[in-house]
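For reference, positions follow the sequence shown, starting with 1.
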Amino acid sequence: TPGGLPSAYVEVGWSLYEQTEPDEYTKIMSVLVEKNRHPHWNQQLLFNNPSEVIDLSGFIWITLRDKNSIAPIEKFAIPLDYFIPFTPVHLEVHCRSGADGDST
């Protein structure tokens, strides 16, 4: 990225299968944190499962992206049955490696 620091945001989406990423038009996005190697979000993202899903099935996908890069910084899926309805979840993500290969 210009200046060397990422401008990061998070995408959240649902998929029925762990191997299938969510549709682009169903994802919700966090605010953008400009030029910060260790971004922090204090933001509530409310995600409603698709209306046809009535049980705890599928996966919530979390994707950490830099607005100046096509490839995601990190992405992972969490089984939906991990979550408890109406109970907030605090996520702390430690990436495996940075864009230059260094651990972050």
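- Rounded to the nearest 0.5 Å, atoms CG (Asn36) and OG (Ser7) are 9.0 Å apart.
- Note: Lys27 NZ to Glu21 CD = 6.0 Å, rounded to the nearest 0.5 Å.
- The two residues Pro39 and Ala8 have their closest heavy-atom pair at CG-CB, 4.0 Å.
- In this structure, the separation between CG on Asp66 and CG on Leu5 is 9.5 Å, given to the nearest 0.5 Å.
- Heavy atoms from other residues, nucleotides or ligands lying under 6.0 Å from CD1 of Ile84 number 12 at most.
- Contact between Phe59 and Tyr17 at its shortest, heavy atoms only, is CD1-C, 3.6 Å.
- Using a 4.5 Å heavy-atom cutoff, the side chains of Ser57 and Leu16 are in contact.
- Distance alone, capped at 3.5 Å, places no donor-acceptor pair between the Ser15 side chain and the Pro22 backbone.
- Remark: Gln43 CD to Met29 CE distance equals 12.0 Å, nearest 0.5 Å.
- Salt bridge status for Glu11 with Lys75: absent, with no side-chain N to carboxylate O gap under 4.0 Å.
- Side-chain contact between Val33 and Tyr9 is absent, with no heavy-atom pair separated by less than 4.5 Å.
- The heavy-atom pair separating Glu18 from Ala77 by the smallest distance is CG-CB, 4.3 Å.
- At least one side-chain heavy atom of Ile62 sits under 4.5 Å from a side-chain heavy atom of Leu91.
- Between Trp41 and Leu64, the closest heavy-atom pair is CH2-CD1, 3.5 Å.
- Within the 4.5 Å cutoff, no side-chain heavy atoms of Val12 are placed close to those of Trp61.
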Task: salt bridge (charged side-chain N to carboxylate O under 4.0 Å, His left out) assessment of Lys67 paired with Glu34 - done: CA-CA 9 Å; Lys67 78 171 188 174; Glu34 293 277 353; 3.3 Å; yes

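- Put simply, CD1 on Ile78 and CH2 on Trp14 are 15.5 Å apart, with the number rounded to the nearest 0.5 Å.
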